[in-house]
Amino acid sequence: MQDPSTLASRSPRAVILIDLDCFYAQCEHVRDPALSTTTPVGIQQKNIIVTANYAARLRGVGKLMLVHDALRACPDLAIRNGEDLTHYRAYSKQIWATLRAHFPAPCAIERLGLDEFFIDVTDAPVHPDSETGQLPGDCHAVGDLAGDDLLAVEALVSASWWAHTARHHILTECGFTTSAGIGPSKLAAKLVSSLHKPNLQTVIAPAMVAVYVAGLPFRAIPGLGSSVRKALREHFPTITDSTTVADLTTLLPTAAAWARIAGARVGPTLAALCRGIDSSLVIDTPTTPTQLSVEDAFASPTPSITDLESRLFTLLQSVLARFDTELGAPAVPKSLRVTIRTRSSGFKRTSASAPVVGGLRWRADENAVLRVARGLLRKLVAGGVGGAVDVGDVNLINVALVHFDVPSSSTAAGAAQPTLLAQWARAGPRAAVLDGGGETTGPVHDRAARARLDLNDIAARIRPDLHDDDDVLVLVEHDDAADRMAILMACPFCAASVAPWSWDVHMVAHDADDNID
DNA sequence: ATGGGTCCT
DNA sequence: AGGACCC
């Protein structure tokens with residue numbers, strides 16, 4: 001019997017990367033069908049055209065071009081403002097839902113930004129159209145698939161048809177054209193996805209991946225960012241933008257050599273990627289994000305702290321509105337974070353955060369949230385390097401709700417659930433369990449801690465409203481990070497250990513489960 | 001750069 | 001709290 005996790009991480013996989021063509025521009029076309037695709041369209045954020053449709057690209061408008069330069073190249077450019085991402089987010093979500101509907105588990109779907117989706121179709125059925133061994137008509141190939149390992153080729157031909165199918169669904173159900181890469185790894189799929197655009201796809205033969213990667217400019221390696229590039233240039237002054245991955249492999253032949261440049265964690269990963277080796281898995285993107293943030297950059301100096309606060313309040317209203325409309329499941333953010341950026345610090349960001357106040361009812365008093373945010377801003381402005389930050393020097397504010405506590409929803413009807421006892425056992429030697437009478441019902445290895453704790457005492461202190469509920473078990477677990485005992489409550493409906501302050505949210509989730517039934 | 005996100009230290 | 005990466 002094979003270990004499923006070993007099986008799951010086995011390489012090669014069959015991976016698709018779907019890339020929305022000039023996503024923001026297409027969103028404008030989908031939203032406004034009267035906007036002709038032959039009209040050059042640019043999307044503006046501040047004084048930059050961040051992306052443009054293909055009509056505009058043919059006229060010399062590029063990505064991240066100054067508006068001034070874009071208009072000089074293409075005076076009749078139709079400009080749409082893209083600073084508010086709301087509808088782009090909505091289209092991205094619709095596309096994700098479409099893919100999810102057609103590629104259910106065990107296919108994993110991972111979103112990168114708003115406009116890229118990895119799909120792992122290793123465990124999907126063989127596509128019905130792939131039986132002739134032919135690729136879809138719009139699918140280019142890198143390398144000779146026929147000459148490659150037979151099973152791997154069958155998988156990639158099928159995956160190419162699945163990519164074709166996925167793109168068809170996105171086009172017919174959402175109205176967007178896409179490009180795609182198909183390969184034996186995320187790396188391979190990603191690197192070939194941009195070879196034939198727009199509205200086309202490319203598959204690469206497994207035997208060609210290392211060869212193909214070797215010929216690319218080294219900055220094409222995903223994960224090799226500006227920091228590593230700088231370190232590389234410092235060690236090897238001969239490196240230029242046209243240095244290839246093969247050149248780099250000559251300079252850095254081993255993982256150990258890479259580790260000296262890029263560190264013990266990133267170095268060996270980059271060494272493998274440069275040889276075309278990538279065993280990373282497509283990971284399902286969770287429906288609840290880990291943070292929600294809104295920011296605004298401004299060019300002209302803000303005259304006073306009051307003006308800065310007024311910007312902050314607007315941003316806070318905006319992030320709270322997003323919280324209310326976008327989160328798929330009940331959630332409570334653990335912290336509020338405010339970030340600023342100043343020109344004089346070389347556009348570096350500094351941030352301050354505070355616990356979200358009010359526990360479960362944190363949204364009830366918006367003014368309290370607002371006061372906390374203002375306190376954080378004042379702390380940042382007052383605490384710059386060597387003294388107060390000049391208010392006029394601040395050119396960006398970001399407000400974020402971070403680290404959501406989402407109640408465990410692993411309670412699907414009929415699913416095998418670990419018993420509470422199993423849960424306790426898994427909590428390990430530093431967990432203690434108390435029942436209503438104070439008797440031990442689970443493994444207790446920290447008797448000193450247990451002796452100091454009593455359910456009545458805990459319940460009275462933490463959740464007086466639940467004090468009389470005999471069904472609620474209190475778990476005391478060691479919080480390794482904080483090096484103290486943490487108090488948790490055992491949900492009677494599922495196997496979750498729930499923090500006392502998130503108990504209400506957790507129960508709301510179970511109510512929602514009931515309503516679905 | 002913009003307006004977002006991710007994960008790691 | 002910040003850094004590095006991604007789009």
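First the proteins, then the strands, lettered A, B, ... as listed; each starts at 1. For clarity, every value in this text was computed on a predicted model and none was experimentally measured.
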Could you tell me whether [X] contacts a base, only the sugar-phosphate backbone, or nothing, with contacts defined as non-hydrogen atoms closer than 4.0 Å?
X	value
A/K190	sugar-phosphate
A/F23	nothing
A/L66	nothing
A/V266	nothing

[X] [atom1] to [N] [atom2]: how many Å, rounded?
X	N	atom1	atom2	result
A/I397	B/dT2	CD1	C1'	16 Å
A/L114	C/dC7	CG	C1'	8 Å
A/I221	C/dC5	CD1	C1'	14 Å
A/R337	C/dG2	CZ	P	10 Å
A/E110	C/dC7	CD	C1'	12 Å
A/N395	B/dT2	CG	C1'	12 Å
A/N81	B/dT2	CG	P	13 Å
A/D278	C/dC5	CG	C1'	15 Å

Inset, instruction - State which of B/dA1, C/dA1, C/dG3 makes the closest approach to the side chain of A/R341. - result: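 Selected nucleotide (nearest to the side chain): B/dA1.
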Legend entry - Distance under 6.0 Å and angle within 45° of ring axis: A/R311 vs A/F298: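 Output yes; distance and angle both within limits.
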Ion pair [X]/[Y], N-O distance below 4.0 Å:
X	Y	value
A/D138	A/R167	yes
A/E326	A/R89	yes
A/D120	A/R13	yes
A/R363	A/D324	yes

Legend entry - Aromatic ring pairing A/W162/A/F103, orientation class (parallel under 30°, perpendicular over 60°, tilted between):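 Plane angle over 60°, so perpendicular.
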Inset, instruction - Please determine if a side-chain N or O atom of A/S227 lies less than 4.0 Å away from the OP1 or OP2 oxygen of C/dA4. - result: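 The answer is yes; a side-chain N or O of A/S227 sits under 4.0 Å from OP1 or OP2.
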Inset, instruction - Tell me whether the OP1 or OP2 atom of C/dA1 has a side-chain N or O from A/T350 closer than 4.0 Å. - result: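 So the side chain of A/T350 is outside the cut-off, no N or O lying under 4.0 Å from OP1 or OP2 of C/dA1.
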Inset, instruction - Treat primed atoms plus P, OP1 and OP2 as sugar-phosphate and everything else as base, then score nucleotides 3-9 of chain B 5' to 3': B for base contact with protein heavy atoms under 4.0 Å, S for sugar-phosphate contact only, - for none. - result: BSSBSSS
Inset, instruction - Quick one: pull up CG in A/D115 and CZ in A/F176 and give me the separation to the nearest 0.5 Å. - result: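 CZ of A/F176 is found 10.5 Å from CG of A/D115.
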